[in-house]
Amino acid sequence: MKLIGVDVGGTFTDLIITDTKTLATQIHKVPTTSDDPSVGVTDGIVALCTLADTPPAAIDHVFHGTTIATNAVLEYDGAETGMITTEGYRDILHIGRHQRPENYSIMQDIPWQARPLVPRRNRLTVKERLVPPNGDVLVPLNEKDVRKAARELKKRGVQSIAICFLFSYIDPTHEERARDIVLEEYPDAFVTTSAHVAPQFREFERFTTAAMNAFIGPKVRGYVQKLDRRLKSANLSADLHIMGSNGGVATAQTVADLPVITLLSGPAAGVLGGAWSAARSKKRKIITFDVGGTSADIGIVIDGHYSEATARDTWIGGYPVLVPMIDIGTIGAGGGSIAHIDSGGAFKVGPRSAGSQPGPACYQRGGDLPTVTDANLALGRLDADNFLGGEMGLDAKAANKVISTLADQLGLPKNEAAEGVLTIMNSNMANAIRAKTVQKGLDPREFSLVAFGGAGPLHGAEVADMLNIPEVVVPPYPGITSAEGLLTTDIKYDQIKTEFQVKGAINLARLNRDFGQLAQGLVKQYKADGISAAKIKQLRFGDLRYVGQGYELRVPIPAGKLTNAAMEKVWAEFHKLHDREYGHFFEDSPIEIVNIRLTGVGALPKVSAAKVKPGGSLKAATVKTAPSVFRAGDKLKTVKTTFYRRDKLPLNKAFSGPAIVLQKDTTTVIPPGWTAKMDQGANLILTRAKRARG
């Protein structure tokens with residue numbers, strides 16, 4: 001089979017094609033068409049097919065990582081959205097939980113109040129009420145109220161409507177009937193229900209997740225439909241699957257219905273790609289370090305398993321989101337990050353980015369602000385004639401000009417200013433890694449840093465130095481690793497049900513029945529995708545906590561009929577996880593099952609590692625020697641640096657820094673004090689000179 005992975009970043013759209021039979025692989029990068037990413041995606045795929053001498057009609061699957069949903073939230077650029085909710089609960093979206101993002105700040109941004117997903121004027125109420133624990137009807141749904149609200153929202157020009165009723169996670173009947181009525185009155189509206197998006201307790205988070213799905217829904221649905229049309233017009237009849245935040249892909253139709261599942265689409269693919277590459281070199285504990293043009297994403301993978309964010313950690317743009325997500329830390333730090341002096345006189349880098357248009361000054365597209373890429377070029381760490389494999393030239397004069405202007409503002413020599421840009425950028429990224437390791441009880445010195453993305457290998461070694469990480473792994477196609485990660489996964493869907501049962505009073509019949517109902521829902525979902533139940537792998541989990549705690553830990557639950565003996569193993573695993581997460585556990589405290597989860601995995605064809613071809617020699621790989629600037633203690637030094645072509649490097653032949661390794665999709669910097677070699681897994685392994693731990 002012939003597979004294509006395409007990941008849209010803020011600056012470039014990355015593409016990879018592979019033949020699962022011959023293992024032939026070809027990569028390509030094109031500038032992201034920010035106004036309409038589907039143009040860049042389609043044009044890039046067509047160009048990639050030409051490079052690979054493969055007709056578009058021969059492609060079997062296209063796997064896509066997208067930032068459409070994420071950008072709509074971060075840029076507050078969604079649809080005019082309305083809400084129909086239970087009478088008396090109009091202001092749930094505004095009140096939240098009285099939790100301040102910054103406890104001690106009197107001047108802070110509260111996104112759900114400053115930038116509401118649904119303006120208060122568009123939040124209308126209807127009479128209805130269910131009551132726990134069984135969802136008994138206290139107040140029947142007033143259908144006349146629903147019709148009146150639907151007509152009013154249509155009259156106001158609202159494009160999208162979220163239906164959010166209290167306790168609908170127990171019984172969604174009222175929400176489903178309200179949805180049908182709204183569609184009768186307003187067939188063109190994008191309508192979503194909270195029980196369909198996030199069928200679990202915590203009304204603020206459930207309502208917000210539904211509102212977010214509605215807010216981004218028309219934009220994502222429009223993009224998916226437009227992309228599908230463009231691909232067909234380019235003679236591509238391949239199945240289109242889109243990456244979700246949970247580490248699996250979904251069909252285009254599912255994403256058009258539930259766009260909220262794609263909020264971490266690209267970053268999730270990066271974690272998978274980094275883990276897949278590191279496994280080729282038998283690395284067990286890794287930190288994925290994905291740095292693109294606008295952001296840096298950090299993930300943790302141990303023994304091939306990545307962690308999933310908990311309910312307390314799933315936030316996008318400051319809004320809580322109740323959908324399964326890989327635990328990824330993201331900051332505004334990338335090659336396009338703009339260096340500036342803020343209103344208080346502080347020297348900062350990012351989070352604002354020059355993006356792809358106009359991009360860094362050295363891109364010659366009208367950019368006139370100093371960026372990280374400009375600083376790297378000014379310090380001699382990029383080769384102006386070998387960017388994107390020579391397909392794109394860089395303007396060193398333009399880079400030096402904007403860095404010199406920054407230096408004048410700072411009162412520093414030009415090289416000091418440029419190196420300062422990199423130091424601030426690297427420090428920001430090192431702090432983000434600390435938040436995912438040190439603050440969670442993990443020692444980064446025991447991990448390998450897998451550096452990828454267009455800018456990750458440029459900064460990987462220096463960031464690792466700041467954290468005492470002894471080793472950096474640079475994958476074969478660093479700039480395409482997220483796109484490659486798309487080719488390593490499966491169709492993955494999640495079902496969830498709020499359970500509320502306590503150890504010592506577990507109703508096993510109910511628990512087994514509820515898992516059976518989730519399984520039926522999962523089978524139905526896969527059947528719509530043309531995948532039979534026999535081909536689905538099912539994984540069961542429970543969200544558990546000690547009675548009285550506010551948040552849960554996710555614990556595996558064994559397959560098959562659950563018995564008291566099976567549940568004893570679940571309780572023991574929860575104690576173990578609690579001890580690992582918090583450093584203690586309470587063996588005699590009652591444990592509560594809050595939610596049960598069922599994850600389905602439907603197998604898809606995947607990329608395979610091609611056989612590594614022995615390279616030539618270091619001499620044959622040498623492109624040139626040129627001066628580059630690095631910091632040595634308190635001083636900067638201009639040192640003679642060797643530039644190598646990665647595709648010519650020999651296997652298992654170490655070479656010392658300072659050195660620069662060039663390839664089409666990225667540039668790797670090996671600073672003084674580091675060595676590098678190509679290993680049998682086709683990864684470039686950077687190793688730091690040993691130093692005392694501490």
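Note that these values count all heavy atoms, side chains included, but never hydrogens, waters or copies made by symmetry.
Lys440 and Lys436 make their closest contact through CD-O, 3.7 Å (heavy atoms, listed as atom of the first residue, atom of the second, distance). Ala398 approaches Ala361 most closely through the heavy-atom pair CB-O, 3.7 Å. The two residues Gly456 and Ala451 have their closest heavy-atom pair at O-CB, 3.7 Å. Closest approach of Gly247 and Tyr306 over heavy atoms only: CA-OH, 3.7 Å. Shortest non-hydrogen contact noted between Pro444 and Ile469 is O-CG1, 3.3 Å. The minimum heavy-atom distance linking Trp674 with Ala461 is given by the pair CZ2-O, 3.3 Å.
In this model, a donor atom of one side chain and an acceptor atom of the other lie less than 3.5 Å apart for Asn71 and Thr67. With no hydrogens or angles considered, no side-chain donor-acceptor pair links Thr687 and Glu471 at under 3.5 Å. In this structure, a donor-acceptor pair under 3.5 Å is present between the side chains of Glu419 and Thr423. Under 3.5 Å, the side chains of Thr371 and Asp374 contain a donor-acceptor pair of N or O atoms. Arg381 and Ser628 form no side-chain donor-acceptor contact under 3.5 Å, judged by distance and modelled atom types alone. Checked by atom type, the side-chain pair Asp36/Ser38 shows a donor-acceptor distance below 3.5 Å. Side chain to side chain, Asp7 and Thr13 fail the donor-acceptor criterion of an N or O pair below 3.5 Å.
Counting heavy-atom neighbours within 6.0 Å of Arg352 CZ, excluding the residue itself, gives a total of 12 or less. Counted within 6.0 Å of CG on Asp342, heavy atoms from surrounding residues, nucleotides or ligands total more than 12; the atom is thus considered enclosed. For Lys648, the NZ atom counts as loosely surrounded, since its 6.0 Å shell holds 12 or fewer non-hydrogen atoms of other residues, nucleotides or ligands. Heavy atoms of other residues, nucleotides or ligands lying less than 6.0 angstrom from NZ of Lys624 number more than 12.
Between Phe630 and Leu636, every side-chain heavy-atom pair lies at or beyond the 4.5 Å cut-off. Looking at heavy atoms from C-beta onward, Asp290 lies out of side-chain contact with Thr481 at the 4.5 angstrom threshold. Val372 is listed as a side-chain neighbour of Val421, based on a closest heavy-atom distance under 4.5 Å. By the 4.5 Å heavy-atom criterion applied to side chains, Arg280 and Asn683 are counted as neighbours. Between Gln663 and Asp647 there is no side-chain heavy-atom pair separated by less than 4.5 Å. By the 4.5 Å heavy-atom criterion applied to side chains, Leu686 and Thr675 are not counted as neighbours. No side-chain heavy atom of Ser337 sits under 4.5 Å from any side-chain heavy atom of Thr294. In this structure, the side chains of Leu406 and Leu412 stay at 4.5 Å or more apart for every pair of heavy atoms.
Of the possible donor and acceptor atoms, none in the side chain of Ser295 sits under 3.5 Å from a partner among the backbone N and O of Val291. Looking only at distances, a side-chain donor or acceptor of Thr66 sits under 3.5 Å from a matching main-chain atom of Ile68. Listed for the Glu462 side chain is no donor-acceptor partner under 3.5 Å among the backbone atoms of His459. Asp679 places a side-chain N or O within donor-acceptor distance of the main-chain N or O of Ala682, the cut-off being under 3.5 Å. Not a single donor-acceptor pair under 3.5 Å links the side chain of Arg646 to the backbone N or O of Leu649. Using modelled atom types, one side-chain atom of Thr641 and one backbone atom of Val639 make a donor-acceptor pair closer than 3.5 Å. In this structure, the side chain of Thr405 engages the main chain of Lys401 through a donor-acceptor pair within 3.5 Å. At distances below 3.5 Å, not a single donor-acceptor pair connects side-chain atoms of Ser404 with backbone N or O atoms of Lys414. A donor-acceptor contact shorter than 3.5 Å is absent between the side chain of Ser281 and the backbone of Ser277. Under a 3.5 Å cut-off, the side chain of Ser245 and the backbone N or O of Leu264 do form a donor-acceptor pair.
The aromatic rings of His241 and Phe63 lie parallel to each other, their planes meeting at an angle below 30°, with 60° marking the opposite boundary.
Shown here are the ring-ring contact (aromatic ring centres under 6.0 Å, His included) partners of Phe447, two or more places apart in sequence or in another chain: there are none. Listed by chain and residue number, Tyr644 satisfy the ring-ring contact (aromatic ring centres under 6.0 Å, His included) test with Phe655 (two or more places apart in sequence, or in another chain). With sequence neighbours excluded, the residues that form a ring-ring contact (aromatic ring centres under 6.0 Å, His included) with Tyr223 are His64.
Taking a cutoff of 4.0 Å between a charged side-chain nitrogen and a carboxylate oxygen, Arg445 and Asp443 qualify as a salt bridge. Of the charged side-chain nitrogens involved, none lies within less than 4.0 Å of a carboxylate oxygen, so that Lys285 and Asp303 do not count as a salt-bridged pair. A salt bridge links Asp77 with Lys219: at least one charged nitrogen is closer than 4.0 Å to a carboxylate oxygen. Look at Lys29 and Asp665 and you find no salt bridge, because none of the NZ, NE, NH1 or NH2 atoms lies under 4.0 Å from a carboxylate O.
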> So Thr667 and Asp383, side chain to side chain donor-acceptor pair (under 3.5 Å) or not? Walk me through it.
Replying inline: CA-CA 9 Å; Thr667 297; Asp383 187 345; over 6 Å; no
> When you look at Lys664 and His28, which way does the side chain to side chain contact (heavy atoms under 4.5 Å, CB included) test go after all the steps?
Replying inline: CA-CA 8 Å; Lys664 180 175 181 177; His28 192 45; 3.4 Å; yes
>> Run Ile300 and Ile287 through side chain to side chain contact (heavy atoms under 4.5 Å, CB included) and show every step you take.
In response: CA-CA 5 Å; Ile300 306 296; Ile287 301 166; 3.8 Å; yes
>> Between Phe643 and Thr625, does the side chain to side chain contact (heavy atoms under 4.5 Å, CB included) criterion hold? Intermediate values first, please.
In response: CA-CA 6 Å; Phe643 287 67; Thr625 57; over 6 Å; no
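Within the model, atoms CZ of Arg434 and CE of Met429 stand 12.0 Å from one another, a figure rounded to the nearest 0.5 Å. To the nearest 0.5 angstrom, Leu410 atom CG is 4.0 Å from Ile341 atom CD1.
The residue from Leu379, Leu458, Val629 that alone fulfils the side chain to side chain contact (heavy atoms under 4.5 Å, CB included) condition with Leu422 is Leu379.
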